[in-house]
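Chain A is the first sequence line, chain B the second, and so forth, proteins listed ahead of strands; every chain is numbered from 1. We use all heavy atoms of the structure for the numbers below, so side chains are in, but hydrogens, waters and symmetry mates are not.
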Amino acid sequence: MRLATWNVNSVRAREERILDWLRRSETDVLAMQEIKCKPEQFPLAGFQELGYEVAIHGLNQWNGVAIASRVGLEDVQTSFAAQPAFGKPGQEPVVEARALGAVAGGVRVWSLYVPNGRGLNDPHYAYKLDFLARLRDASAAWKDEPTALVGDFNVAPLPTDIWSEEDSEAETHVTPEARAAFHALADHGYEELSRRFLPAEGTYTFWDYKQLRFPKGEGMRIDFIYASEPLAARAQDVTIVRDERKGKGASDHVPVVVDLD
DNA sequence: ATGGCTGGGAATCCCAGA
């Protein structure tokens, strides 16, 4: 089975690029983040024509997660246990559309969009750390079955996962607290698979649209595939599809793909 | 072997992203 994760930065703006890649890549299950739409706005027909069914969780133009599968899609869940809510000061906190779980081809897949954090003194940063801590707690329930926690974690875990740790726009991605919260996702036996197969420094999954970051090779590794022990044992390879950052109409993230027995 | 942000909406500026 081939499983991929991709922060698409709007599924409506990216539909043709996503479908083109699905046609070429022989992907069985694609977890998407930042679809930026409600379910009724999702361009479902194109996916269905390629043989995929799609589970969608979107509340508005922000965030939004989905899973497309051509190997079945069961037991859909739109949040994990104790997933934190967020609201601006004075507003009612809302559990945002940042997690979607489903069993596809016998694998429990969670499509995850971890909060950005915005700034070290912003409430969004505490929300980010809490989201990661609660996800770690919730992951215990799935540790003994084949489970993949995939998506945009908005953390560059190692100094070599970012072109410059002094990049002020990524300050919430490189703190000791954010990195510890990311690594704690391994507490229940989960392994981050991109590191096993792609250990090279400067291997990135995201390049900002601004400042010529892609042509300059200035990116970050922030999209990952955590696998429970039963699933990690089946991993054959991981690929980061850097070519998908090229050309007109690219997302700022590229797909990360794992091949499983 | 690519390109100087981009997307969505309340819309002709604002919010969010990282």
Counting the atoms with a prime plus P, OP1 and OP2 as sugar-phosphate, which does A/Ala170 contact under 4.0 Å by heavy atoms, base, sugar-phosphate, or nothing? nothing
Over all strands shown, is A/Gly247 touching base, sugar-phosphate only, or nothing at heavy-atom distances under 4.0 angstrom? sugar-phosphate
Just to be sure I understand the rule, does A/Asn7 reach a base, reach only the sugar-phosphate, or reach nothing, if contact means heavy atoms closer than 4.0 Å? sugar-phosphate
Could you check which of B/dG9, B/dT6, B/dG3 has an atom nearest any side-chain atom of A/Gln41? B/dG9
Is the shortest side-chain N/O distance from A/Gln61 to OP1 or OP2 of B/dG17 below 4.0 Å? no
For A/Gln33, which contact category applies under a 4.0 Å heavy-atom criterion: base, sugar-phosphate, or nothing? nothing
Using a 4.0 Å heavy-atom cut-off, does A/Arg12 contact any base of the nucleic acid, only the sugar-phosphate backbone, or nothing at all? sugar-phosphate
Would you tell me if any nitrogen or oxygen in the side chain of A/Tyr113 comes within less than 4.0 Å of OP1 or OP2 on B/dA18? yes
Any side-chain N or O of A/His253 less than 4.0 Å from the OP1 or OP2 oxygen of B/dG17? no
By the 4.0 Å heavy-atom rule, please label A/Lys38 as base, sugar-phosphate, or nothing. nothing
If you check every side-chain atom of A/Glu169, which of B/dT2, B/dG4, B/dA18 has the closest atom? B/dA18
Regarding A/Asn154, tell me which of base, sugar-phosphate or nothing describes its non-hydrogen contacts under 4.0 Å with the strands shown. sugar-phosphate
Between B/dG8 and B/dA18, how far apart are the P atoms? Round to whole Å, please. 15 Å
Please classify the nucleic acid contact of A/Asp243 as base, sugar-phosphate, or nothing, using heavy-atom distances under 4.0 Å. nothing
Select one nucleotide: of B/dG9, B/dA18, B/dG7, the one nearest the side-chain heavy atoms of A/Asp208. B/dA18
Test of understanding: clusters of I, L, V, M, F, W, Y form through side-chain heavy atoms closer than 4.5 Å, transitively. Do A/Val114 and A/Tyr226 belong to the same one? yes
What is the distance from CH2 of A/Trp62 to P of B/dC14, rounded to the nearest Å? 13 Å
Among B/dC15, B/dA18, B/dG17, which nucleotide has an atom closest to any side-chain atom of A/Arg98? B/dG17
Does A/Asn9 place a side-chain N or O at less than 4.0 Å from the phosphate oxygens OP1/OP2 of B/dT6? no
Base, sugar-phosphate alone, or nothing: which one does A/Arg242 contact when heavy atoms must sit under 4.0 Å apart? nothing
We want to know whether A/Gln33 and A/Ser111 form a side-chain donor-acceptor pair, criterion being a heavy-atom distance below 3.5 angstrom. yes
Decide, yes or no, whether a salt bridge links A/Asp20 with A/Arg24 under the criterion of side-chain N to carboxylate O below 4.0 Å. no
In this structure, is the centre-to-centre distance between the rings of A/Phe131 and A/Phe86 below 6.0 Å? no
Integer-rounded Å distance: B/dG17 P and A/Asn116 CG: 5 Å
Within this structure, what is the CD1-to-C1' distance between A/Ile35 and B/dG17, rounded to whole angstrom? 16 Å
Report yes or no: do A/Asp223 and A/Thr205 form a side-chain donor-acceptor pair below 3.5 Å? yes
Please give the distance between the C1' atoms of B/dA10 and B/dA16 as a whole number of Å. 14 Å
Could you tell me how far apart A/Asp223 (CG) and B/dG17 (C1') are, to the nearest whole angstrom? 13 Å
With no hydrogens and no angle check, do the side chains of A/Gln236 and A/Asp261 hold a donor and an acceptor under 3.5 Å apart? yes
Is A/Arg14 near enough to B/dG7 that one of its side-chain N or O atoms lies under 4.0 angstrom from OP1 or OP2? yes
With C1' as the reference atom in both, quote the distance from B/dT12 to B/dA1 in angstrom, rounded to an integer. 36 Å
So what does A/Glu171 touch, heavy atoms closer than 4.0 Å: a base, only the sugar-phosphate, or nothing? nothing
Just the rounded figure in Å: distance from C1' of B/dA16 to NZ of A/Lys36. 7 Å
Just call it for A/Arg118: base, sugar-phosphate, or nothing, with non-hydrogen atoms closer than 4.0 Å on any strand. sugar-phosphate
How many Å lie between CZ on A/Phe153 and P on B/dA18, as a whole number? 14 Å
Starting from the 5' end of DNA chain B, give me the residue, A/Met220 or A/Cys37, whose nearest nucleotide shows up first. A/Cys37
Taking NZ from A/Lys88 and C1' from B/dC15, how many angstroms apart are they, rounded to a whole number? 7 Å
When rounded to whole Å, the CZ to C1' distance for the pair A/Phe214 and B/dT6 reads 16 Å
Parallel, tilted or perpendicular for A/Trp207 and A/Phe214, by the 30°/60° rule? perpendicular
When the nearest nucleotide of DNA chain B is assigned to A/Ile222 and to A/Ser10 on a heavy-atom basis, which residue is associated with the more 5' position? A/Ser10
